[in-house]
Structure formats: structure tokens, C-alpha cells
Amino acid sequence: MSAKKYNKLTIIKDTGKRTKSGNAIYECRCDCGNTCEITLAKLRSGHTKSCGCLIKDTANEKFKKYEGIRKNRLTLIRDTGKRTNDGKRIVLCQCECGNTCEVVFAKFNNSSTKSCGCLALEKKKEKHEKGRAEKAVKTLQDKKILINGTNVAVINSHKLRSNNTSGKTGVTFDSNRKKWIAQIVFQDKSMRLGRFVKKEDAIKARLEAEEKYFKPVIEKNKR
């Protein structure tokens, strides 16, 4: 019986062991080099064809279809051959940030892991910056510098920017259309007041807008 081969398994010897039903158990050598113990019935029926490597090889072959697939920020490169303690496949991925990382395939596949970790860092940074911005706004509000989304110190200031050529904030010259543009920013909204041939008319439109939008806020702040 020894040296007889079934699929990937070659019988080495009868171990002398028997199953509860009396089936002989043989020691076999697999083509992959491993040895294992199997009943003759399972060898003859083809129920067992290898030491277990055939199942792994088949699973690995099927897994190749996932290589190159991208989910979220990760692109799956290959199976690392590593497994978690509970047998889950660990894969190597390329993150869009340029880093590579090892991820449990199930977490990659169900999108519970979306990046190498850079996404979580970005969200943490955004949350921190948002918190700083909110704190800064609250400070301005407490000092009555920021009222209804309007910076009172800015609208009260008559200081011109260094690149201003009109002599009035909010009035600029459109060199393409050869006209003066008047605009105003109020409560984080930019409003175009119109285009004018004469600079004086643009300045007048800006002053009227300041009277309409800025003056009520300035007067309220004086109380």
C-alpha cells in the first residue's frame, strides 16, 4: 500500500491508528512537502486531495481578482501571506498619500479601514482648526468686535490697502471693461454694487451701501 499516490498525496505507511468506525489511518506525504494523517477511504474517494495546501492554493488563486482594486484611499497590492490570530487575511495596500500599509482584508473590503491612517489625521487636524476658529470668533464676539458676522473694527477702519488705486475701499477699476466697480462685503457675503463709467459714481454707490449695511451695526455697537 505504501508509495501509492492519490491526487497530491502519497502513502508512506499505515500508522496503526483506526477511526471509531475502524477505518485505517495512513501517514501521507503531500506534493508540497508536508505530511498528514488521513483515512484510506477519504483518499480513495477523493474527499481529501492534499494536506490542505490545495484549498489554500485555490483560495489564493481566487483572491488574485482583488489585486489592483481601489476602495476609498487604498489600492490593494497583494496578499502578504500573513494572517491574524483568528485566521483573517492581511493584505498590502497603497494609500493615495503615497504610504503603504498592511490591512486586514475584511476591513479593506467592508471599508472600515479607508486609509493608511492619514484620513484620521486630516479629520483630527480639521477638527482642531475648526475649534481654533470657533474660539477666535467667540473671543471677537465677547469683545464686541464681531457682531452678527461683521467685524466692527474692520468696517470702522478707513485704512486703505497698499494696492488700492481708487482712494476708496471697495472701489476698483476693471481695465478690461474700462469701468469702475463698486462692491461691499457684509456678513461674509460679497455684493456687487455695479459698474460705473465715473469713479465718483462708484464711490457714491459704495458709500450708500455702507450707510445701509455698516451704519446700523456701528450704531448698535456704540450703545
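Since we're looking at a predicted model, the values are computed, not measured. Values reported hereafter were calculated over all heavy atoms of this structure, with side chains retained and with hydrogens, waters and symmetry mates removed.
For the atom pair NZ (Lys107) and CG (Asn109), the distance works out to 13.5 Å, reported to the nearest 0.5 Å. Between the SG atom in Cys95 and the NZ atom in Lys114 there is a gap of 12.5 Å [rounded to 0.5 Å]. Here the straight-line distance linking atom CZ of Phe186 with atom NZ of Lys212 works out to 10.0 Å at 0.5 Å rounding. Note that NZ of Lys71 and CD1 of Ile69 are 7.0 Å apart. Values are rounded to the nearest 0.5 Å. Atoms NZ and NE2, on Lys49 and His47 in that order, are 10.5 Å from each other to the nearest 0.5 Å. With values rounded to the nearest 0.5 angstrom, Cys30 atom SG is found 5.0 Å from Leu9 atom CG.
Taking all atoms of both residues into account, the shortest heavy-atom contact from Cys28 to Ile12 is C-CD1, 3.9 Å. The heavy-atom pair separating Val171 from Asn164 by the smallest distance is O-ND2, 4.2 Å. The two residues Pro216 and Glu211 come nearest to each other via the heavy atoms CD-O, 3.7 Å. For Ser166 against Ile203, the heavy-atom pair with the smallest separation is O-CD1, 4.4 Å. When all heavy atoms of Ser111 and Asn72 are compared, the closest pair comes out as OG-ND2, 3.1 Å. Considering all non-hydrogen atoms of both residues, Asn7 and Gly46 come closest at ND2-CA, 4.2 Å.
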field: Check against side chain to side chain contact (heavy atoms under 4.5 Å, CB included), Cys101 and Leu74
entry: CA-CA 9 Å; Cys101 57; Leu74 296 174; 3.8 Å; yes

message: Under the criterion side chain to side chain contact (heavy atoms under 4.5 Å, CB included), I'd like the reasoning laid out for Asp174 against Arg195: C-alpha separation, chi angles, the key distance, then a yes or no.
response: CA-CA 9 Å; Asp174 185 343; Arg195 290 187 176 87; 3.9 Å; yes

- request: Show your reasoning for whether side chain to side chain contact (heavy atoms under 4.5 Å, CB included) applies to Thr172 and Thr165.
  value: CA-CA 7 Å; Thr172 57; Thr165 58; over 6 Å; no

task: For side chain to side chain contact (heavy atoms under 4.5 Å, CB included), just list the numbers for Ile38 and Ile25, CA-CA rounded to whole Å, side-chain angles, deciding distance to a tenth of an Å, and then say yes or no.
output: CA-CA 5 Å; Ile38 306 162; Ile25 298 175; over 6 Å; no

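Remark: side-chain polar atoms of Lys178 are paired, donor with acceptor, to backbone N or O of Ser175 under 3.5 angstrom. Put simply, the side chain of Thr80 gets close to the backbone of Ile90: a donor and an acceptor are under 3.5 Å apart. Checking side-chain atoms of Arg89 against main-chain N and O of Val91 turns up no donor-acceptor pair under 3.5 Å. Glu200 contributes no side-chain N or O that, together with a main-chain N or O of Lys204, makes up a donor-acceptor pair within less than 3.5 Å.
For the pair Glu122 and Lys127, the salt-bridge criterion is not met [side-chain N within less than 4.0 Å of a carboxylate O]. In this structure, Glu96 pairs ionically with Arg73, as a charged nitrogen and a carboxylate oxygen lie closer than 4.0 Å. Ion pairing of Glu102 with Lys82 is present here, as a side-chain N (NZ or NE/NH1/NH2) and a carboxylate O approach within less than 4.0 Å. By the 4.0 Å N-to-carboxylate-O rule, Asp31 lies close enough to Lys5 to be salt-bridged with it. Using a cutoff of 4.0 Å between basic side-chain nitrogens and carboxylate oxygens, Arg206 and Glu210 are scored as salt-bridged.
Every residue meeting the ring pair (Phe, Tyr, Trp, His ring centres under 6.0 Å) condition with Tyr66, not counting sequence neighbours, appears here in chain and number order: Phe63, Phe105.
Taking the six-membered ring for Trp and the full ring otherwise, the centers of Phe173 and Trp180 sit less than 6.0 Å from each other.
For the pair Ile11 and Tyr6, the minimum side-chain heavy-atom distance is below 4.5 Å. Using a 4.5 Å heavy-atom threshold, the side chains of Thr35 and Glu27 count as touching. Looking only at side-chain heavy atoms (C-beta outward), Leu119 and Cys97 stay at 4.5 Å or farther from each other. In this structure the side chain of Tyr26 never reaches within 4.5 angstrom of the side chain of Thr39, judged on heavy atoms. Residues Ile184 and Leu193 form a side-chain contact, since some pair of their non-hydrogen atoms from C-beta on lies under 4.5 Å apart.
The number of heavy-atom neighbours closer than 6.0 Å to NZ of Lys8, taken from other residues, nucleotides and ligands shown, is above 12.
Tested against Arg83, the residues Asp86, Asp79, Asn85 include a single side-chain contact (heavy atoms from CB on, under 4.5 Å) partner, Asp79.
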